[in-house]
Amino acid sequence: MSSVKGIDDTVSKNIRKSMQADCQNCFGLCCTALTITASSDFAMNKPAGIPCTHLQSNFHCQIHRDLRSKGFKGCTVYDCLGAGQLVAQTTFNGQDWRGNAEVAEKMFQVFPIMEQLYEMIAYVAEAMAYRISPKLYDNLHEQLETLQSLTKLEATALIALDIPPIRQPVNNLLLETSAQIRNKLAVTTLGEKNAPNHRGANWIGKNLKGKDLRGTDLRGAYLIAANLQNADLRGVDFIGADLRDANLCGANLSTAMFLTQMQINSASGNHQTKLPFYLHMPSHWHTAP
Ligand code: SF4
């Protein structure tokens, strides 16, 4: 699924690949700014703006090696895509929030907004790397530039952003991208007129081992603990799908669409699982058979 002839997808691919968290250049924002609600993924409650009790003075996690065994699986799943270091080093010019209460308050408000802008940039950059119509590519490119310019706003302007109206046109373009790619796949490969649609499906715990689900719309689907072992998931749209504890061992996700590192981190898989170019195998998969 590369872009159409004449469109250079290298830039968008590089943008998508480069969106990685760099905790060394952050001030533990995800461990401080965000609310943590006690659940099977987090062993305690923590209000927004209060540092986690495990956050050390050097912003490293005291229980980093034992997060899963100590009930903090959610921390191993989380991925800010690089929003943290941008807020810390660019929006706030490397100011440590610990020295200034006003900076701290603003930084903790900016971080979740930047996270959302980064999430949209990641999706748009990925969409631009697909074989889509030139018109759609141009519209995505325009959105990408808009989103990138918003990330450069100063803190007060970022806090004032109204995210839903920004998200709406992005979402429309992602839906169009998904439809173009999946319908083409349906016609050319599956011999169908339209791609399968199971948007929002409740497939919790469902046995889908070895199934051919190519080109399926699984937006917002509940795939918690589903058995997707050896399933063919190429061209599947996974935006917002819940893959917690899904079994992806041996599954082919090489051209799955709008899959995030967080979704992959929340699932189980192994060396045989094929991932899209911009995602990496989570460390906890290395011990899988
Ligand atoms: S447990 Fe560690 S990684 Fe999780 S929020 Fe606390 S300091 Fe951060």
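First listed ligand is number 1; within each ligand, the first listed atom is number 1. Values in this document were obtained by computation on a predicted structure and should not be read as measured data.
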Checked atom 4 (Fe) of ligand 1: protein N, O or S atoms closer than 2.8 Å come out as Cys75 SG
Taking the hydrophobic residues Ile, Leu, Val, Met, Phe, Trp and Tyr, and joining any pair whose side-chain heavy atoms are under 4.5 Å apart, which ones share a cluster with Ile224?
Ile204, Tyr222
Are Lys106 and Thr156 linked by a side-chain donor-acceptor pair shorter than 3.5 Å?
yes
Would you be so kind as to tabulate the donor-acceptor pairs closer than 3.5 Å made by side chains of residues 142-150, with sequence neighbours excluded?
| residue | atom | partner | partner atom | Å |
| --- | --- | --- | --- | --- |
| Thr146 | OG1 | Glu142 | O | 3.0 |
| Ser149 | OG | Glu145 | O | 3.4 |
| Ser149 | OG | Thr146 | O | 2.7 |

Connected to Phe72, directly or through other members, by ILVMFWY side-chain contacts below 4.5 Å are Ile36, Phe42, Met44, Ile63, Leu67
Sidechain N-carboxylate O distance under 4.0 Å for Arg167, Glu119:
yes
With side chain to side chain contact (heavy atoms under 4.5 Å, CB included) as the criterion, how do Arg219 and Leu175 come out once you've worked through the C-alpha distance, each side chain's angles and the decisive distance to 0.1 Å?
CA-CA 10 Å; Arg219 281 184 155 237; Leu175 280 166; 3.5 Å; yes
